[in-house]
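Step one of this worksheet: look at the structure below.
None of these values were measured; they are calculated from a predicted model.
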Amino acid sequence: MLVAGIDLGTQSIKVLVYDSLEKREVCVSSCPLDLISRPDGSREQKAEWYLEALRKCFSSIDGEVKKNIEALSVSGQQHGFVPLGKDGEVLWNVKLWCDTSTAQECSEIEEAFGGREKVIEEVGNPILPGYTASKILWLKKNHRKEYEAMDYVLLPHDYLNYYLTGEIVMEMGDASGTGLLDIRKGEWHKGMCSVISSDLLNKLPPVKSGPFILGSVRKEVRDELGLGERVLVASGGGDNMMSAIGTGAVKDGEMTISLGTSGTLFASSSKPLIDSKGRLAAFSSSHGSYLPLLCTMNCTVAVETMRKEMELDVENFMAEAQKAPIGSEGLVMLPFFNGERVPDFPKGEALVGGMNMTNVKRSNIARSALEGVSFGFLLGLEAFRELSFSPTVISLTGGGSRSPFWRQMISDITGVEIRCPKSGEAAAFGAALQALAAMENRSVSEVAEEHLSFDEDKRAFPDEEKHRKYMEAYEKWKVYCGALTPIFK
């Protein structure tokens with residue numbers, strides 16, 4: 001039995017086909033995506049690029065494989081805003097999760113609602129530049145004609161679902177990343193919607209908790225993609241929600257850290273975790289529970305920037321970092337190359353501090369980059385623990401998880417066992433497993449336990465003495481963050 005997971009990311013679209021009977025990945029195809037960047041912080045894409053890339057992905061898959069796919073599901077980059085007209089036309093470029101041009105709109109929304117504390121208390125999440133809410137207000141303010149012509153607010157994964165099935169429904173997990181959903185009630189917050197526009201509630205699709213079968217792939221799309229006669233489409237969800245499924249974070253106590261361009265730390269929780277300090281996003285999951293999450297804007301981007309400046313490949317960069325002791329001899333890196341979400345530094349910049357006459361070494365600089373990124377995850381872990389959630393195990397995924405040195409560092413810093421899924425495509429694989437669960441009417445946790453496997457050679461266990469030393473370096477790192485808050489805020 002073949003199922004497929006589609007992962008609509010920022011840099012590419014991937015399609016993974018999985019054989020659930022033989023428990024193996026049949027193939028993975030991908031197609032890159034372009035990015036529109038402007039000096040004001042705009043980061044956009046065109047919705048037609050998604051469809052073109054999806055067609056290219058399927059065109060590279062063997063015809064017999066495609067004909068035997070029985071169900072599929074879509075994972076999509078969270079928070080992107082796709083304004084859809086009455087005839088299905090996209091009215092403006094898709095503003096992405098990494099778009100920071102709407103910071104002013106965030107402030108306007110929170111102020112109009114009564115302040116950030118009230119927003120968190122009543123809705124569950126603050127209004128951050130990455131979220132969809134401010135993008136909607138931006139369109140209304142700057143392109144009123146397009147706003148008024150908009151019939152539906154969609155997210156990127158919703159748009160692919162619409163293309164595949166013609167259905168317009170928003171799934172709970174992805175919907176929780178808009179800033180408009182009442183996290184506790186699982187429904188659109190009327191007061192928040194009215195702050196943005198009196199008619200916004202009418203432009204939001206119905207929201208439903210997943211996983212569920214949305215419909216079947218339309219005949220014309222089946223013909224375009226080369227699929228068989230009947231292919232079910234599951235609800236799908238945001239990339240973090242699908243990655244949770246694809247890495248095993250589907251039960252209480254299970255946590256995932258993703259070391260990608262940006263970094264994410266999230267965990268499955270049977271109850272919503274509302275962080276009054278705004279460090280954790282109080283998201284819903286796409287497997288029927290909740291997915292509290294920390295997102296940092298800088299992860300491998302910081303390592304890659306320093307690696308290229310040193311003219312080292314990845315292996316030699318890691319080898320250089322290993323020469324330095326824990327704490328990098330007092331050298332501290334704040335890796336905020338893209339600003340930062342947590343800490344809340346929209347004007348953040350990267351900084352190397354703590355330099356003296358003896359510690360300015362390539363090895364210390366390399367290690368401080370890895371430590372600085374990893375300490376950002378510890379901020380999130382502290383928030384989880386303050387809310388009485390302590391992880392029993394952390395799944396590590398993303399490009400950075402391939403480094404044995406970094407894996408051990410994260411285990412030592414967090415004090416938690418690290419494991420790595422065998423599948424390197426967490427979001428696409430998670431989407432495929434969700435499709436399987438929805439098709440068979442089984443729980444996602446049951447399906448994940450049956451089909452997920454971990455690489456025993458990549459497990460890492462914490463060392464107590466190393467953990468103590470890292471905590472000393474972490475306290476110094478936090479002092480630098482605090483001192484620079486007036487500049488970066």
> Do the ring centers of Tyr162 and His157 come within less than 6.0 Å of each other?
Replying inline: no
> If you measure from the Lys or Arg side-chain nitrogens to the Asp or Glu carboxylate oxygens, is any gap between Lys476 and Glu371 under 4.0 Å?
Replying inline: no
> Side chains of Ile274 and Ile120: does their closest heavy-atom pair fall under 4.5 Å?
Replying inline: yes
> Can Tyr147 and Asp199 be counted as having a side-chain donor-acceptor contact under 3.5 angstrom?
Replying inline: yes
> Hey, is Asp313 close enough to Lys308 for a salt bridge, meaning N to O under 4.0 Å?
Replying inline: no
> Do the numbers put Lys271 on top of the ring of Tyr290, so that NZ or CZ is under 6.0 Å from the six-membered ring centre and no more than 45° off the axis?
Replying inline: no
> Any side-chain donor paired with an acceptor under 3.5 Å for Glu25 and Ser423?
Replying inline: yes
> Below 4.0 angstrom, N of the basic side chain to O of the carboxylate: do Arg55 and Glu52 qualify?
Replying inline: no
>> Salt bridge check, Lys140 against Glu148: does any charged N sit closer than 4.0 Å to a carboxylate O?
In response: no
> Taking atom types as modelled and ignoring hydrogens, do the side chains of Gln78 and Tyr131 form a donor-acceptor contact shorter than 3.5 angstrom?
Replying inline: no
>> Tell me whether Lys208 is salt-bridged to Glu171, with the criterion being a basic N under 4.0 Å from an acidic carboxylate O.
In response: no
> Looking at Arg218 and Glu220, does any basic side-chain N land under 4.0 Å from a carboxylate oxygen?
Replying inline: yes
> Charged N to carboxylate O under 4.0 angstrom, Glu382 versus Arg279?
Replying inline: no
> Are Arg307 and Glu304 close enough for a salt bridge, meaning some N to O gap below 4.0 Å?
Replying inline: yes
>> Ring centres under 6.0 Å, that's the criterion: do Phe429 and Tyr18 meet it?
In response: yes
> Are Asp99 and Lys135 within salt-bridge range, i.e. N to O under 4.0 Å?
Replying inline: no
> Would you call Arg38-Glu44 a salt bridge at under 4.0 Å N-O?
Replying inline: yes
